[in-house]
Amino acid sequence: MDVYEKITSLAKRRGFLYPSYEIYGGEAGFYDYGPLGILLKNRMEEVWREYYILKEKCYEIATPVITPYALLKASGHVDEFIDEIGTCTKCGLSVKVEELKDDRCPVCGGAVEKGSLNLMFETYIGAKKKEKAFLRPETAQGIFVNFPVLYEFFRKKMPFGVVQVGKGFRNEVSPRQGIIRLREFSMAEAELFFEPDNKTHPRFHEVKDETMHLVSDELDSEMAAGEALQKGIIGNEALAYYMVITKKFLERVGIDTAKLRFRQHKRDEMAHYANDCWDAELYSDRFGWVECVGIADRSAYDLTAHMTATGTDMRAFRKYDEPRKIKRTAILPKMDALGKTFRGKAKKIADELRKCKISGDTDTVTLNMDGETIELDATFFNVEEVEETLAGEKFVPHVIEPSYGIDRIFYFVLEHNYKEVEKENETYVLITLPPSLAPIKAGVFPLVNKDGLPDIAREIERELRDGGIMAIYDESGSIGRRYARMDEIGTPFCITVDYQTKDDDTVTVRFRDTTEQVRIERGKITEWIKKEMEK
RNA sequence: GCGGGCGUGAUGUAGUUUGGUAACAUGAAGCCCUGCCACGGCUUAUCCCCGGAUUCAAAUUCCGGCGCCCGCACCA
């Protein structure tokens, strides 16, 4: 058995992951999180929020999974997310339509059956009048379409960031590798809005010496963020900053950073919306390098797309440092003449007039209004050179997007922390999860099941839970077996009540990774564990 | 989607060649034992992926479906 198989079997046995709908034969690409699995996943998402919401000052929003056709048409997903595929009837090869040679199989020349694959799940809104819709392929779009109100919420100060943690859906052709490729998956995405020529981060200097393993066509080495930026390897400061944040986050949830690298996308593998992209890849003994986080510069792509499709102004306003004076040729309507001739229509005509493109020697203007053609000569306007003061300008913000695949990271947290050690000629399994991530923080055991020790242990379990610490009481089997059970699910501490406890109210606390023990006052355990978790 | 392999208690496996009462280990529950690292004792529960065919009889043979694994393709 390799690591993946061991983890899959442990995960099912101990309540981390179950294949979905198993009693109905199972459904490929779907997994259930079990009782312990969801505790761990929730902790990962909480830690993610600490990084992006607390520290980076983003705000989180929640938008629907079901997304109207028009939105995804505008974003490019309807067209770009479709794969036209030809399958050779002779040799069975499947290829993209553009790779066909004269509509025949490029390998054996056989006839080809064409089909198209849209990787989005389709659905309909409304029971009677059915409007076509899709399950969202990414949470990002829900943020983009809310840009105008969010911009207002942030009181028009750029840059700002909005995040969303939730489900995304992709109807994969053939999902495999368990939780690595799901059809319904959890993602945590941050959309950070910047002025196009100012993709910087105020705290970049704090992380500029942090190193990352960078891989691109020309490069494969450990390099400081600042250096990579200077050399133009990473396109801008914000991108580099969030790559460092990603590394810190992954390390915090228990990823082995020796098995982390950032790989730059080649031009042709970039998503339709991206113009620079670095993937955080994690190494698996089973699967090799796997993309788990994508950090993309989406430029103005999405906001522009939604602006074009809906006519909504998705621009932000930037004040110039100093107001700029601009000279231009302007047309100034003469309201007295217009009023006398056109009466009620005068104001509307004047507004139209101001929009006209003119030059210094324009003497007549023709307007088309409500199907009516109106000729105006110089008695109705003046043409003048005017000097205007512009306070600033409007622009479509650029977006830097770190996008995390929670389920994949979840798997890697397990794989990177899965340890086997030899213990008295037997393989002994433990998961060395960071204490703050562990689903169960403490096991509480009576050394023996008599003389009142179980009662004391039960009380301690209760005290811990009252203090906010997930603890489990266990009296079944030998003490060693109970330690082993806890080690296998990554519980960092085991508290044992022994006879000394009855004398002096102390207990032993045993560390998962070293099996060392310390003696601690019963009343202080809760605080002690909380402190340990901060380490 | 195509080709190959596989599907047996919660987990890992044997049994399928040669059709006839499904076994082992781990895990789990209960009781006992146990003065700190899975090693003890007794008891209990839990399995042949689903559907069809052949047969007196199918875990075993055949067909179809679903799922898992490998390869090809796909993975914005």
Side-chain angles (χ1 to χ4, degrees), chain A residues 1-2 4-6 8-15 18-30 34 72 75-96 99 107 113 115 117-120 137-138 140 168 170-178 180-183 265 268-274 277 286 290-291 294 296 403 405 421 423-430 445-451 453 475-488 494-501 507-512 514-517:
Chain A
M1 278 212 285
D2 68 13
Y4 171 76
E5 287 166 321
K6 284 173 182 165
T8 312
S9 114
L10 185 149
K12 186 167 182 197
R13 204 158 29 85
R14 292 305 191 184
Y18 310 123
S20 294
Y21 310 115
E22 213 184 7
I23 67 166
Y24 283 93
E27 200 67 68
F30 298 92
L72 291 162
S75 70
H77 286 88
V78 170
D79 300 317
E80 303 289 336
F81 214 55
I82 282 179
D83 284 327
E84 300 283 345
I85 277 189
T87 303
C88 177
T89 50
K90 206 167 148 193
C91 69
L93 185 75
S94 284
V95 291
K96 285 184 175 175
E99 289 169 14
V107 175
E113 263 178 40
L117 284 171
N118 191 310
L119 298 186
M120 290 192 288
E138 54 175 2
R170 293 172 195 183
N171 205 353
E172 299 283 356
V173 179
S174 75
R176 273 176 201 171
Q177 308 163 337
I180 300 283
R181 251 173 89 198
L182 294 173
R183 288 184 162 126
H265 275 210
D268 61 350
E269 74 178 303
M270 218 109 65
H272 64 271
Y273 49 69
C277 186
R286 164 72 176 248
V290 177
E291 166 197 353
S403 171
V421 294
K423 217 168 179 178
E424 293 172 30
N425 294 326
E426 265 191 289
T427 326
Y428 188 92
V429 171
L430 66 159
F445 318 138
L447 184 59
V448 290
N449 297 327
K450 56 186 182 190
D451 303 325
L453 300 188
E475 60 171 26
S476 147
S478 70
I479 191 85
R481 170 168 303 216
R482 290 177 244 164
Y483 287 146
R485 274 190 198 116
M486 288 297 138
D487 289 343
E488 205 183 19
C494 287
I495 293 158
T496 303
V497 172
D498 56 21
Y499 285 100
Q500 195 183 328
T501 309
V507 293
T508 64
V509 179
R510 175 247 192 206
F511 293 84
R512 175 194 62 204
T514 61
T515 76
E516 276 177 90
Q517 292 188 2

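Below, read A as the first sequence line, B as the second, and so on, with proteins coming before strands; counting in each chain starts at 1.
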In the structure shown, which nucleotide is the Watson-Crick or G-U wobble counterpart of rC75(B), with both distances under 3.5 Å?
-> none

Within the structure shown, what part of the strands sits under 4.0 Å from Asp487(A) by heavy-atom distance: base, sugar-phosphate, or nothing?
-> nothing

For rG1(B), does either OP1 or OP2 sit under 4.0 Å from a side-chain N or O belonging to Arg176(A)?
-> no

Rounded off to whole Å, could you give me the NZ-to-P distance for the Lys6(A) and rU13(B) pair?
-> 12 Å

Ion pair Arg183(A)/Glu27(A), N-O distance below 4.0 Å = no

Return no unless some side-chain N or O of Arg286(A) is found under 4.0 Å from OP1 or OP2 of rC69(B).
-> no

Ile495(A) CD1 to rC36(B) P, in whole Å, measures 19 Å

Using a heavy-atom cut-off of under 4.0 Å over every strand shown, decide if Thr514(A) touches base, sugar-phosphate, or nothing.
-> nothing

Please check the phosphate of rA10(B) (OP1 and OP2 only) for any side-chain N or O of Lys12(A) closer than 4.0 Å.
-> no

Roughly how far, to the nearest 0.5 Å, is the OG atom of Ser75(A) from the CD atom of Glu80(A)?
-> 9.5 Å

Can you tell me how far P of rA38(B) sits from CZ of Arg14(A), to the nearest Å?
-> 15 Å

Should rU44(B) form a Watson-Crick or G-U wobble pair with both distances under 3.5 Å, which nucleotide is its partner?
-> rA28(B)

Base, sugar-phosphate alone, or nothing: which one does Phe445(A) contact when heavy atoms must sit under 4.0 Å apart?
-> nothing

Please state whether the phosphate of rG27(B), meaning OP1 or OP2, lies under 4.0 angstrom from any side-chain nitrogen or oxygen of Arg481(A).
-> yes

Assigned partner base of rC37(B), Watson-Crick or wobble definition, under 3.5 Å = none

Sugar-phosphate only, base, or nothing, as touched by Glu488(A) at under 4.0 Å among non-hydrogen atoms | nothing

Using the C1' atoms only, state how far rU21(B) lies from rG15(B), rounded to an integer number of Å.
-> 14 Å

Take the protein atom CG of Leu453(A) and the nucleotide atom C1' of rC36(B), then report the distance between them rounded to whole Å.
-> 12 Å

Under-4.0 Å side-chain N/O to phosphate OP1/OP2 contact, Tyr24(A) with rC49(B) = no

Nearest listed nucleotide, side chain of Tyr483(A), among rC75(B), rA10(B), rC37(B) = rC37(B)

P gap between rU8(B) and rU16(B), integer Å | 16 Å

Tell me what Glu27(A) touches on the nucleic acid: a base, only sugar-phosphate, or nothing, going by heavy atoms under 4.0 Å.
-> sugar-phosphate

For rU55(B) and rU60(B), measure between their C1' atoms and round to the nearest Å.
-> 13 Å

With no hydrogens and no angle check, is any side-chain donor or acceptor of Arg14(A) less than 3.5 Å from a backbone partner on Arg485(A)?
-> no

Does Tyr428(A) use its side chain to pair, donor to acceptor, with the backbone of Asp487(A) at less than 3.5 Å?
-> no

Arg481(A) (side chain) donor-acceptor with Ser476(A) (main chain) under 3.5 angstrom | no

Out of rC37(B), rC69(B), rA28(B), which has the shortest distance to the side chain of Arg485(A)?
-> rA28(B)

Neighbour count above 12 (heavy atom, 6.0 Å) for Tyr21(A) OH | no

Looking at Lys12(A) and Tyr18(A), what are the two nearest heavy atoms and their distance?
-> O-CE2, 3.5 Å

Name the residue closer to the 5' end of RNA chain B, choosing between Tyr4(A) and Thr427(A) according to the nucleotide with the nearest heavy atom.
-> Thr427(A)

Could you tell me whether the side chain of Arg482(A) has a donor or acceptor atom within less than 3.5 Å of a complementary atom in the base of rC36(B)?
-> no

Separation of the C1' atoms in rC69(B) and rC56(B), to the nearest angstrom | 38 Å

What interatomic distance, in whole Å, is found between P of rG27(B) and the corresponding atom of rC68(B)?
-> 29 Å

In terms of side-chain heavy atoms of Ser476(A), which of rA29(B), rC74(B), rC37(B) is nearest?
-> rA29(B)

Can you figure out which of rG35(B), rC36(B), rC74(B) approaches the side chain of Tyr499(A) most closely?
-> rG35(B)

Which part of the nucleic acid, if any, lies within contact of Val509(A), taking any heavy atom under 4.0 Å across all strands shown: a base, the sugar-phosphate backbone alone, or nothing?
-> nothing

Mind calculating the distance between OH (Tyr18(A)) and C1' (rC68(B)) to the nearest angstrom?
-> 19 Å

Any strand: nucleotide that pairs with rG19(B) via Watson-Crick or wobble, under 3.5 Å = none

Touch class at under 4.0 angstrom, heavy-atom based, for Gly178(A) against every strand present | sugar-phosphate

Would you mind telling me which residue lines up with the more 5' stretch of RNA chain B, Arg183(A) or Ser9(A), judged by nearest nucleotide?
-> Ser9(A)

Roughly how far apart, to the nearest Å, are rU54(B) and rC63(B) at atom C1'?
-> 11 Å

His77(A) versus Leu119(A): any side-chain heavy-atom pair under 4.5 Å?
-> no

Has Lys450(A) got a side-chain N or O lying under 4.0 Å from the OP1 or OP2 atom of rU34(B)?
-> yes

Write down the partner of rC6(B) under the Watson-Crick or G-U wobble criteria, each distance required to be under 3.5 Å.
-> rG67(B)

Measure from CZ on Arg13(A) to C1' on rA29(B) and round the result to the nearest Å.
-> 16 Å

Donor-acceptor contact present, side-chain Asn449(A) to main-chain Glu475(A), <3.5 Å = yes

Distance between C1' atoms of rC6(B) and rA59(B) (Å, rounded) | 14 Å

Whole angstrom value for the distance that separates P of rC50(B) from CD of Glu22(A) | 12 Å

Between atom CD in Glu5(A) and atom C1' in rC68(B), what is the gap in whole Å?
-> 10 Å

Base, sugar-phosphate alone, or nothing: which one does Phe30(A) contact when heavy atoms must sit under 4.0 Å apart?
-> nothing

May I ask you to evaluate whether Ser174(A) reaches the phosphate of rC75(B), defined as a side-chain N or O under 4.0 Å from OP1 or OP2?
-> no

Applying the 3.5 Å cut-off to both distances, the Watson-Crick or G-U partner of rC62(B) turns out to be rG52(B)

Going by modelled atom types, is there a donor-acceptor pair between the base of rC75(B) and the side chain of Glu172(A) at under 3.5 Å?
-> no

How far, in whole Å, is rG20(B) from rU61(B) if one measures between their P atoms?
-> 11 Å

